[in-house]
Amino acid sequence: MSQTPEQTSAEQGFLSNRRTLLQGAVAASAGLLVGRQAVGKEAASGKVAKNGRIKQSLVHWCYRPYWNVEEMCQLCVDLGVPSIELIDPEHWPTLKKHGLTCAIAGSHGFKAGPNDPKNWEACEEILTKRIKQAAEFGCPSVITFTGMSGDLTPEEGADNCVKFFKRIMPLAEKHKINVCLEHLNTRDDTHPMKGHPGYQGNHVEYCIDLCERVGSERMKLLFDIYHVQIMDGDVIRRIRQHKDYLGHIHTAGNPGRGELDNTQEINYPAVMQALLDVGYDGYVGQEYIPTRDALTGLQQAVALCDV
């Protein structure tokens, strides 16, 4: 599949490793067949998300090997999931046709970020474009990243990010769009999408400090539960502590960034309840890498988070 210049680094990294990811994954391959055959049947037996207090979303790059956009939209409808996120704006009309939204839009990717001034022009161009597109469509948030540290000290990277985001936020405030800075783990080096060694914003408090210094109500944190668990832990306490800065949430099982099942250590129902307890009303994106039957894994994840 050809890549557009605006595809996120996350998508590019995933697609370049797609063949490796799928080789030998017999269960995942079976999930492709089962998933395609099952789309459209779940509605007959009732939606998985019955409570709907947690607004869930599917992260496009994780499931694109299993379903095309039309199939994924139908799957969302069947599951009771209202969003597909980090999907190119060219697909937003398809989402709208199915009554879905895009919870958060992609932007410049995690490698070349505003911690380095040489990236400012490119980052500003794509963020400006995405903020305007999101406002027109009704997408509430746009993702952003610090970028890789390179030779920059944490202090230098932070100062550069703050200067850059202060330039961007007036536009975001005007259009009422959240700019969500994602925290990523630098610990897992086993797979290009399970960890990101060298990423500068690798601790929650580092990213929160940036948001505080920018000083805009639209500057938020993308709290990825999987990454937080690896780098900082104490997930529920941090949700309570930083509740005012929670702009978006991502899930995955740890270790391994797989399904939210009994092979991993995070208690997702308890974490979802904590989000409700602090009044979080944004979206929770399912962003794990399937390792077995794709449809069964999603049904389980959606049910666990539907507290």
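Bear in mind the structure is a predicted one, so any value in this text is a computation, not a measurement. One-based numbering along the sequence shown.
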Over 12 non-hydrogen atoms of neighbours within 6.0 angstrom of CZ in R167: yes

Flag the pair E124 and K129 as a salt bridge only when some basic side-chain nitrogen lies within less than 4.0 angstrom of an acidic carboxylate oxygen. no

Polar contact flag, side-chain donor to acceptor under 3.5 angstrom, N160-E156: no

Would a single hydrophobic cluster contain both L304 and Y226, if residues Ile, Leu, Val, Met, Phe, Trp and Tyr are joined by side-chain heavy-atom contacts under 4.5 Å? no

Side-chain heavy atoms under 4.5 angstrom apart, residues restricted to Ile, Leu, Val, Met, Phe, Trp, Tyr: same cluster for V59 and M193? yes

Heavy-atom side-chain proximity of V284 to L275 below 4.5 angstrom: yes

Taking R213 first and then D159, would you say they form a salt bridge - that is, a charged N and a carboxylate O separated by under 4.0 Å? yes

Side chains of Y268 and T251, heavy atoms from C-beta outward: is any pair under 4.5 Å? yes

N/O donor-acceptor pair under 3.5 Å between N185 side chain and D188 backbone: yes

Between F110 and H196, how do the two ring planes meet: parallel, tilted or perpendicular, split at 30° and 60°? tilted

Ignoring hydrogens, what is the shortest heavy-atom contact between S216 and M169? Give both atom names and the distance. OG-CE, 3.7 Å

Criterion side-chain contact (heavy atoms from CB on, under 4.5 Å) on Q300 and T296, from CA distance to verdict: CA-CA 6 Å; Q300 181 180 32; T296 301; 5.7 Å; no

Between R187 (side chain) and M231 (backbone), is there a donor-acceptor pair under 3.5 Å? no

Y283 and A103 have their tightest heavy-atom pair at CG-CB, 3.4 Å

Mind listing the closest non-hydrogen atom pair of G113 and N119 along with its distance? O-ND2, 3.0 Å

Looking at CD of E217 and SG of C211, how far apart are the two atoms once the value is rounded to the nearest 0.5 Å? 13.0 Å

Using modelled atom types only, decide if a donor and an acceptor are shared between the side chain of W92 and the backbone of I87 within a distance under 3.5 Å. yes

Got T101 and L95 here, is their nearest side-chain heavy-atom distance under 4.5 Å? no

When rounded to the nearest 0.5 angstrom, what distance separates CG in D261 from CD1 in I266? 11.5 Å

Any salt bridge (Lys or Arg N to Asp or Glu O under 4.0 Å) pairs touching residues 232-254, not counting sequence neighbours? E205-R238, D234-R237

Run W61 and E287 through side-chain contact (heavy atoms from CB on, under 4.5 Å) and show every step you take. CA-CA 8 Å; W61 71 264; E287 198 186 25; 3.0 Å; yes

Rounded to the nearest 0.5 angstrom, the CD1-NE2 distance for I143 and H250 is 6.0 Å

With a 4.5 Å cut-off on side-chain heavy atoms, are Q200 and Y206 touching? yes

Are K220 and S141 side-chain neighbours, meaning at least one heavy-atom pair lies under 4.5 Å? no

Within one Ile-Leu-Val-Met-Phe-Trp-Tyr cluster: Y66 and L100, side-chain cutoff 4.5 Å: yes

Evaluate side-chain contact (heavy atoms from CB on, under 4.5 Å) for H60 paired with V69, printing each intermediate quantity in order. CA-CA 9 Å; H60 183 230; V69 174; 4.0 Å; yes

When H227, H191, Q264 are each screened for side chain to side chain contact (heavy atoms under 4.5 Å, CB included) with R257, the one that passes is H227

Would a 4.5 Å heavy-atom cut-off, applied to side chains only, mark Y280 and I239 as touching? no

Which atom names give the shortest non-hydrogen contact between H183 and N202, and what distance separates them? NE2-O, 3.1 Å

Tell me whether E125 at atom CD has more than 12 heavy atoms from other residues, nucleotides or ligands lying less than 6.0 Å away. no

Flag yes if more than 12 heavy atoms outside E136 fall under 6.0 Å of its CD atom; otherwise flag no. no

Atom pair CG/OG of L86 and S57 - distance to nearest 0.5 Å: 7.5 Å

Spatial distance of atom CD1 (I208) from atom CE (M219) [nearest 0.5 Å]: 10.0 Å

Between the side chains of N254 and Q229, does any donor sit under 3.5 Å from an acceptor? no

Single-linkage hydrophobic cluster, 4.5 Å side-chain cutoff, I230 and I249 together: no

Take I84 and C76 through the test side-chain contact (heavy atoms from CB on, under 4.5 Å) and record every step on the way to the result. CA-CA 8 Å; I84 298 173; C76 283; 3.5 Å; yes

Applying salt bridge (Lys or Arg N to Asp or Glu O under 4.0 Å), can you list everything that pairs with D189, at least two apart in sequence or on another chain? none

Quick check: does any side chain N or O of Y288 sit under 3.5 Å from a backbone N or O of L260, one acting as donor and the other as acceptor? no

May I ask you to decide if G253's main-chain N or O and E265's side chain share a donor-acceptor pair within less than 3.5 Å? no

Please check this pair: side chain of K50 against backbone of K47, looking for a donor-acceptor N/O pair closer than 3.5 Å. yes

For L181 and L210, which heavy atoms make the closest approach, and how far apart are they? CD2-CD1, 3.7 Å

Between the main-chain N or O of G198 and the side-chain N or O of T186, is there a donor-acceptor pair closer than 3.5 Å? no

Look only at the side chain of Y245 and the backbone of L222, and say whether a donor-acceptor pair between them is shorter than 3.5 Å. no

Output yes when R53 and D306 qualify as a salt bridge under the 4.0 Å nitrogen-oxygen rule, no when they do not. no

Determine the interplanar angle of the W67 and Y63 rings, folded into 0 to 90°, and report it as parallel if under 30°, tilted if 30 to 60°, perpendicular if over 60°. tilted

Grouping I, L, V, M, F, W and Y whenever their side-chain heavy atoms are under 4.5 Å apart, do F145 and L152 come out in a common cluster? no

Do you know which two heavy atoms are closest between C102 and C139, and how far apart they sit? O-SG, 3.0 Å

Heavy-atom check, side chain of I104 versus side chain of N178, under 4.5 Å: no

Is a donor from one side chain sitting under 3.5 angstrom from an acceptor on the other, for E70 and H98? yes

Report yes if the side chains of K96 and H91 come closer than 4.5 Å at any heavy-atom pair, otherwise no. no

With a 3.5 Å cut-off and no angle check, do the side chains of Q56 and Q286 form a donor-acceptor pair? yes

Is there a donor in the side chain of E85 and an acceptor in the side chain of H248, or the other way round, less than 3.5 Å apart? yes

Measure from the side-chain N and O atoms of T144 to the backbone N and O of V179, and report whether any donor-acceptor pair falls under 3.5 Å. no

Rounded to the nearest 0.5 Å, what separates atom CD1 in I177 from atom CD in Q133? 11.0 Å

